[in-house]
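Scroll down for the structure; my scribbles are underneath it.
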Amino acid sequence: MKPTETFYEVMRRQGVTRRSFLKFCSLTATALGLGPSYMSEIAHAMETKPRTPVIWLHGLECTCCSESFIRSAHPLVKDVVLSMISLDYDDTLMASAGHQAEAALQDTIERYKGNYILAVEGNPPLNEDGMFCIIGGKPFVDQLRHAAENAKAVISWGSCASHGCVQAARPNPTQATPVHKVITDKPIIKVPGCPPIAEVMTGVITYMLTFDRLPELDRTGRPKMFYSQRIHDKCYRRPHFDAGQFVESFDDEGARRGYCLYKVGCKGPTTYNACSTVRWNEGTSFPIQAGHGCIGCSEDGFWDKGSWYARLQNIQQFGIEANADKIGATVAAGVGGAVAVHAAISALKRAQIKRQSVAENEENV
Amino acid sequence: MTDIVDAESLSPKRAQAHALPGATHQTSVYVYEAPVRLWHWINAAAILVLALTGFFIGRPLPTMPGEASANFLMGYIRFTHFTAGYILAIGFLFRFYWSFVGNFHAKQLFRLPLNDPEWRKEVLFELRWYLFLEKRPKKYVGHNPLAQVAMFIFMTLGLTFMIVTGFALYAEGSQRGSWQDMLFGWVIPLVGQSYDVHTLHRLGMWFILTFIIIHIYVAIREDIMSRQSIVSTMISGDRTFKDDDPD
């Protein structure tokens, strides 16, 4: 078996010039927030290190993560990173199918035991023994467990794998379950978003392949470099928020002037993602720039929090939908009413006692 | 028991009952020390400011005219909210400290004598009094036992909840690595995500506003109907009794 190729060799074989290669390295260093000095380090790693194989599994999902990934801004990323990893196993993108594909998966697992990265797009449904998602005649959850057994690390692509997303929304009939609740003995990197930003996905993979270690993760397992700030913190409409200038409805003057979308339900202040800095489609735009509020797609359970156009979320108890202000105002009004009634009874009682004592006094006299 | 005048609260200067002119003789006991009273009113003012500004952070005021650079309304509202929040949090910490060094009544807010069967009976007695099932209220130097339970649930637990969730939300703005994030950053992952914490914090506001309705009503009602002073006690610190009957 010939030694595994390096990234650089793969790139050159694909017709990438050295100049383009170095541009990719510097761009990646910048995207990861590493500073210019790391550019040569990335280049060196790519030239010398054997590439790390990646297995890409698909559970219950819509393939939006893959769609996002192959639209990564820098053409090199799709040419190089994608072709490198799809060589091993990605049932959506690979050429082989059927038994051939499953054999390729098995082959990769055995050849690179303990060395490959498992990237999971979508999640396994656990209800009915996992029968709601069948891959190669077997429940997806079995394939996931099997592939994870010998993986070095697991990447949870998108909100499906990280949180459950739409298929895990109330009432979640298939019991779709995020990856970290099924695989508990491996380091898991969550890259939430529906889909995640392409540059974030390639950034995470490049970091792991180059430095041979996991990126720094926050408390919930998301890479700090992309998920440590809210959309709100870096939003270009933030000055309008601080000034108190809001879009009240989508066809008003405020909307035309590009005011803050907070009042029409923007979830930017509660959403951790890199959209307001990295943006989408080669840095062209992102939802708020297009005039629509953030829907909070990279946050846990964003389908179940009520309208995308309301600021206060729905609280569903006993099948009744309400928000915090409705519940609070109802309770306060109820208590206020009870207080009024109680006060009235107290006054009556007091008057009654007074009459009695007056009567008693008169009797005594 | 709380209805017995304990030695601690009877400082020699204060022990002398003020003989007020009038038919009935009134006794007075020094109950709430100056720091407790001061905390009560600062806390009340902070809650008022926090609820008002908090309400308008969740539901902002109508749009300001002019350039963004000429306005900072939301910024000022949030600044006021955060400042009042700090005042409330520091005050609460001080009040907790005072429960160790203050007099007997200063401890009531933080410690419920749940193991005392006599106290539990008194809670039920007070419940009956508020349900008009008892004709004659009892005398209490400090909080009556039912009031103490309410204070503990609404204030001690309620304020703790608001301080913890409040600082967790504040940490979002002060960014990862700030001391707020180090101390309270665990709250958001514990609850699920930031949006839920915002919702809980807003429900907490209504919880405390509900308490305020009850608190003000009961304070005034008991001032009229019970056998001791209530409202003036939180101003002067002295509790006066309207009669000299025992119990």
Side-chain angles (χ1 to χ4, degrees), chain A residues 163 218-221 224 228-230 232-233 237-248 252-254 257 259-260 262-263 267 269-272 296 299-302 305 311-315 323-325 327-332 334-336 338-340 342-343 345-347 349-350 353, chain B residues 55-56 58-78 130-132 135-136 169 172-173 175-177 181 185-186 188-207 209-214 216-218 220-221 224-225:
Chain A
H163 302 137
D218 68 5
R219 287 187 183 87
T220 59
K224 271 185 180 172
S228 60
Q229 283 187 314
R230 298 168 296 172
H232 191 58
D233 293 321
R237 295 194 184 196
R238 179 64 186 264
H240 291 298
F241 172 83
D242 290 330
Q245 297 179 315
F246 301 101
V247 175
E248 309 274 350
D252 70 358
E253 186 59 27
R257 289 180 184 217
Y259 284 173
C260 174
Y262 186 79
K263 276 177 129 172
K267 303 294 184 289
T270 53
T271 303
Y272 288 82
E299 289 295 310
D300 194 358
F302 78 102
K305 307 297 177 196
R311 192 50 230 152
L312 302 174
Q313 79 175 45
N314 271 353
I315 299 161
N323 63 37
D325 278 4
I327 292 171
T330 310
V331 170
V335 169
V339 160
H342 198 272
I345 299 172
S346 301
K349 274 267 175 191
R350 196 172 158 76
I353 290 165
Chain B
F55 185 85
F56 288 117
R59 287 177 183 272
L61 292 160
T63 287
M64 298 296 288
E67 281 294 317
S69 55
N71 291 289
F72 200 59
L73 182 67
M74 200 68 176
Y76 289 132
I77 290 176
R78 290 172 69 246
Y130 283 113
L131 291 172
F132 309 107
K135 277 209 164 143
R136 190 174 161 81
L169 296 176
E172 296 196 291
Q175 305 288 307
R176 299 274 151 95
D181 178 57
W186 50 272
I188 288 174
L190 181 79
V191 174
Q193 21 73 21
S194 162
Y195 200 20
D196 284 349
V197 181
H198 279 81
T199 303
L200 290 173
H201 196 65
R202 201 165 180 86
L203 283 172
M205 171 189 81
W206 286 107
F207 183 70
L209 288 182
T210 305
F211 163 77
I212 288 174
I213 297 172
I214 299 170
I216 294 174
Y217 165 65
V218 172
I220 293 171
R221 176 185 193 262
I224 298 167
M225 295 185 65

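These figures come from a predicted structure and were not determined experimentally. Note that these values count all heavy atoms, side chains included, but never hydrogens, waters or copies made by symmetry. Naming: A, B, ... by sequence-line order, numbering from 1 per chain.
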For chain B, which candidate among A/His240, A/Lys349, A/Lys263 shows the most heavy-atom pairs at distances under 4.5 Å? A/Lys263
Based on non-hydrogen pairs under 4.5 Å, which of A/Ser228, A/Gly301, A/Ala347 is most in contact with chain B? A/Ser228
Which answer fits B/Ile224, side chain, backbone, both or neither, if we ask what part of it has an atom under 4.5 Å from a heavy atom of chain A? both
Would a 4.5 Å heavy-atom cut-off, applied to side chains only, mark A/Asp242 and B/Arg78 as touching? yes
Chain A heavy atoms under 4.5 Å from B/Gln175: which part of the residue, side chain, backbone, both or neither? side chain
Heavy-atom side-chain proximity of A/Asp325 to B/Phe55 below 4.5 angstrom: yes
Among A/Leu312, A/Asp218, A/Val247, A/Thr220, which has the most heavy-atom pairs under 4.5 Å with chain B? A/Leu312
Please state whether the rings of B/Tyr130 and A/His342 are parallel, tilted or perpendicular, taking 30° and 60° as the class boundaries. tilted
With a 4.5 Å limit on heavy-atom distance, are the side chains of B/Arg59 and A/Arg311 in contact? no
Please check if any side-chain donor atom of B/Glu172 sits under 3.5 Å from a side-chain acceptor atom of A/Tyr272, or the reverse. yes
Taking A/Lys305 for its side chain and B/Asp196 for its backbone only, find out whether a donor-acceptor pair lies under 3.5 Å. no
Given that the side chain runs from C-beta out, which part of A/Phe302 has a heavy atom under 4.5 Å from chain B: side chain, backbone, both or neither? neither
Are A/Ser346 and B/Phe132 side-chain neighbours, meaning at least one heavy-atom pair lies under 4.5 Å? yes
Output yes when a side-chain donor or acceptor of B/Gln193 lies under 3.5 Å from a complementary backbone atom of A/Glu299, and no otherwise. no
Just so I understand: if I count every heavy-atom pair under 4.5 Å between each of B/Tyr76, B/Tyr217, B/Phe72, B/Phe211 and chain A, which residue has the most? B/Tyr217
Proximal component of B/Leu203, with respect to chain A [non-hydrogen, under 4.5 Å]: both
If we count only N and O atoms by modelled type, under 3.5 Å, do the side chains of A/Glu248 and B/Thr63 hold a donor and an acceptor together? yes
Under 4.5 Å from a heavy atom of chain B, the part of A/Asp300 involved: both
State the CD-CZ distance between A/Gln313 and B/Arg202, to the nearest 0.5 angstrom. 12.0 Å
OG of B/Ser194 to NZ of A/Lys267: how many Å apart, nearest 0.5 Å? 11.5 Å
Could you go step by step and tell me if A/Phe246 and B/Met64 meet the side-chain contact (heavy atoms from CB on, under 4.5 Å) rule? CA-CA 8 Å; A/Phe246 301 101; B/Met64 298 296 288; over 6 Å; no
Taking all heavy atoms of A/Ala243 and all of B/Ala68, pick out the closest pair and write down the distance. CB-O, 3.5 Å
Among B/Pro65, B/Pro62, B/Pro60, B/Gly75, which has the most heavy-atom pairs under 4.5 Å with chain A? B/Pro60
Top contributor to chain A interface from B/Gly58, B/Ser69, B/Gly192 [non-hydrogen pairs under 4.5 Å]: B/Gly58
Heavy-atom neighbours of A/Glu253 CD exceed 12 at 6.0 Å: yes
So do A/Thr271 and B/Tyr195 actually touch side chain to side chain, heavy atoms under 4.5 Å? no
Check whether A/Arg238 gets within reach of chain B through its side chain, its backbone, both or neither, counting any heavy atom under 4.5 Å. side chain
